[in-house]
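Right, one structure below, let's go through it.
FYI, side chains are in, hydrogens and waters are out, and symmetry mates aren't considered; it's all heavy atoms of this structure.
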Amino acid sequence: MKRITIYDVAKEADVSLATVSRVINDSNVVREDTRIRVQQAIEKLGYKPNAIAQGLALSKTTTISIVMSERLIAYNAKILSGLMNIASTYHYNIMFHVISKGINEMSDIVESIIKTHVDGVILFNDDFSQDEMEALLVYQIPIVIVGSKIEETKLPNVANVYVDFEKLAYNLVNSYFDKGITDIALVEDKLNMYMMDRLKAGFEKAYRERGMEFTNYISFDDTYKNSYIYLSNYFKKNKPSQLIVTFRDSQAVAVMNSLKETGYSVPEDSELICILNNKYLTMVRPNITSYSLPEYDMGTIAMRLLQKMLMDQPGKNRFIEQNFSMIPRQTTK
């Protein structure tokens, strides 16, 4: 039998998660007709709100929830390390939630966070919707989103520690425009489409300001098992751009190997840059140019910021941007 969740109630009553949460908490800001509709949905579906969750704002558990997509754990290890070290300093317990498509969905995690009486949430990237954030905030649960930039929100108790990947892409493209190079390609990364949207927006802005249109977005569908198979076929049919940009190391290596197999040389025929940096980029030949991102520091800052929010001392700046810099290696001239 399917477990009834707060999502089911919201859908049945045709209201937001936050509205359901307010009704459960007996908030007086909900219209009476809406309250009745939600209560009827709760009775119809047999939803049983957790009694502990209803008293969530009244006590502290010194427990922090960290929410991360399964597919990105390896790429967020340094951020996670920074978070864990500072959490240990403050003597917080960590409840780790992993989003796994078809196994552990965001709806299950939101329900678990509400029911397990946590003090705060640290979320990697954009996995919460505005509605889901509002549902947690009804229970006065502060949220810090770490990794990429989100749109600044008027919601209280929401903070963001980020690298502006749109700005990074914009600056990168303009630096090549200044060299006279306008043939630049971006390889899609299906593991993190939110990040790809930010990078693509930076490319498009740079091209638009120069009176051009960005068209070299290399995308492939799910019929391909991995990017290497697609790229091997792609470069047999298409001449590579003068600069190719990837997000992850595996894609960068796939690009480089595909180019070599089709008779092209890196960086002579095509330069290559990978946004995320890790040790594997220096293990291949030629070494792949990438970016230095303050990942460990992002983790420590996010945890310290959450601690201040929990102590009602968030300060004026809840949206903290981190710097980035290129690490030139052998795949760029």
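- Heavy-atom minimum distance, Tyr92 versus Leu310: OH-CD1, 3.1 Å.
- When only modelled atom types and interatomic distance are considered, Tyr176 and Gln242 share no side-chain donor-acceptor pair under 3.5 Å.
- Of the inter-residue distances, the one linking Thr215 atom OG1 with Ile184 atom CD1 reads 11.0 Å to the nearest 0.5 angstrom.
- Of the N and O atoms on the side chains of Gln251 and Thr246, not one donor lies less than 3.5 Å from an acceptor on the other residue.
- Under the 4.5 Å side-chain contact rule for hydrophobic residues, Leu243 and Met326 share a cluster.
- Cation-pi geometry between Lys149 and Phe319 is not met at under 6.0 angstrom from the ring centre and within 45 degrees of the axis.
- By the criterion of side-chain heavy atoms lying less than 4.5 angstrom apart, applied directly or through intervening Ile, Leu, Val, Met, Phe, Trp or Tyr residues, Tyr296 is not grouped with Ile66; the two fall into different hydrophobic clusters.
- Between Gln39 and Val23, the closest side-chain pair of non-hydrogen atoms falls below 4.5 Å.
- With Ser16 contributing its side chain and Thr19 its backbone, the two residues share a donor-acceptor pair below 3.5 Å.
- With hydrogens and angles disregarded, no donor-acceptor distance shorter than 3.5 Å links the side chain of Asn277 to the backbone of Thr289.
- Counting only heavy atoms from C-beta outward, the side chains of Ser270 and Leu259 approach each other to under 4.5 Å.
- Judged by a 6.0 Å distance limit and a 45° cone about the ring axis, Lys190 is positioned over the six-membered ring of Phe220.
- Salt bridge Arg208/Glu213: absent, no basic N to carboxylate O contact under 4.0 Å.
- A distance of 13.5 Å separates CG in Leu306 from CD1 in Ile301, rounded to the nearest 0.5 Å.
- Both Phe96 and Ile86 are part of a single hydrophobic cluster, where members link through side-chain heavy atoms under 4.5 Å apart.
- Without hydrogens or angle criteria, Thr332 side chain to Pro328 main chain gives no donor-acceptor distance under 3.5 Å.
- For Phe203 and Tyr170, the distance between ring centers is not under 6.0 angstrom.
- A pairwise comparison of heavy atoms in Glu268 and Ser265 identifies OE1-OG, 2.6 Å as the closest pair.
- A side chain to side chain contact (heavy atoms under 4.5 Å, CB included) with Cys274 is found for exactly one of Ile288, Val187, Ile244, namely Ile288.
- No side-chain N or O of Asn287 forms a donor-acceptor pair with one of Thr282 less than 3.5 Å apart.
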Please step through ring pair (Phe, Tyr, Trp, His ring centres under 6.0 Å) for the pair Phe177 and Tyr207, ending with a clear verdict. CA-CA 9 Å; Phe177 284 169; Tyr207 271 83; 4.9 Å; yes
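- Between Ile150 and Tyr194, the shortest heavy-atom contact is CA-OH, 3.5 Å.
- Cluster annotation: Met283 and Val255 are assigned to distinct hydrophobic clusters (Ile/Leu/Val/Met/Phe/Trp/Tyr, side-chain heavy-atom contacts under 4.5 Å, transitive).
- Residue Ile94 is grouped with residue Ile73 when hydrophobic side chains (ILVMFWY) are merged at heavy-atom distances under 4.5 angstrom, including chains of intermediate members.
- Considering every non-hydrogen atom in both Arg248 and Ser250, the closest pair reads NH1-OG, 2.8 Å.
- Using modelled atom types and a 3.5 Å distance limit, the side chains of Asn157 and Arg318 yield no donor-acceptor pair.
- Salt-bridge formation is detected for the pair Lys167/Glu321: a Lys NZ or Arg NE/NH1/NH2 atom is positioned less than 4.0 Å from an Asp or Glu carboxylate oxygen.
- When all heavy atoms of Phe324 and Leu168 are compared, the closest pair comes out as CZ-CA, 3.5 Å.
- There is a side-chain donor-acceptor pair under 3.5 Å between Ser290 and Arg329.
- Side-chain N/O atoms of Gln322 and Tyr162 include no donor and acceptor closer than 3.5 Å.
- Residues Ser112 and His97 have side chains in contact (heavy-atom distance under 4.5 Å, counting atoms from C-beta outward).
- Within the 4.5 Å cutoff, no side-chain heavy atoms of Val121 are placed close to those of Val144.
- Using a 4.5 Å heavy-atom cutoff, the side chains of Leu83 and Ile122 are in contact.
- Counting heavy atoms from C-beta on, the side chains of Asn76 and Ile79 come closer than 4.5 Å.
- Counting heavy atoms from C-beta outward, Met256 and Thr331 have side chains that approach closer than 4.5 Å.
- Val67 has its side chain out of reach of Phe124: every pair of non-hydrogen atoms, C-beta onward, lies at least 4.5 Å apart.
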Practice problem: Begin with the C-alpha distance, continue with both residues' side-chain angles, and end with the deciding distance and a verdict on side chain to side chain contact (heavy atoms under 4.5 Å, CB included) for Val38 and Glu12. | Solution: CA-CA 8 Å; Val38 171; Glu12 176 69 25; over 6 Å; no
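- Side chains of Tyr75 and Asn278: a donor-acceptor N/O pair is absent below 3.5 angstrom, by distance only.
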Can you check side chain to side chain contact (heavy atoms under 4.5 Å, CB included) on Glu261 and Asn257, steps first, answer last?
-> CA-CA 6 Å; Glu261 290 167 5; Asn257 288 343; 4.3 Å; yes
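- When every heavy atom of Ala254 is checked against every heavy atom of Leu231, the shortest pair comes out as CB-CD1, 4.0 Å.
- Asp178 and Arg210 are joined by a salt bridge, as a carboxylate oxygen and a charged side-chain nitrogen come within less than 4.0 angstrom of each other.
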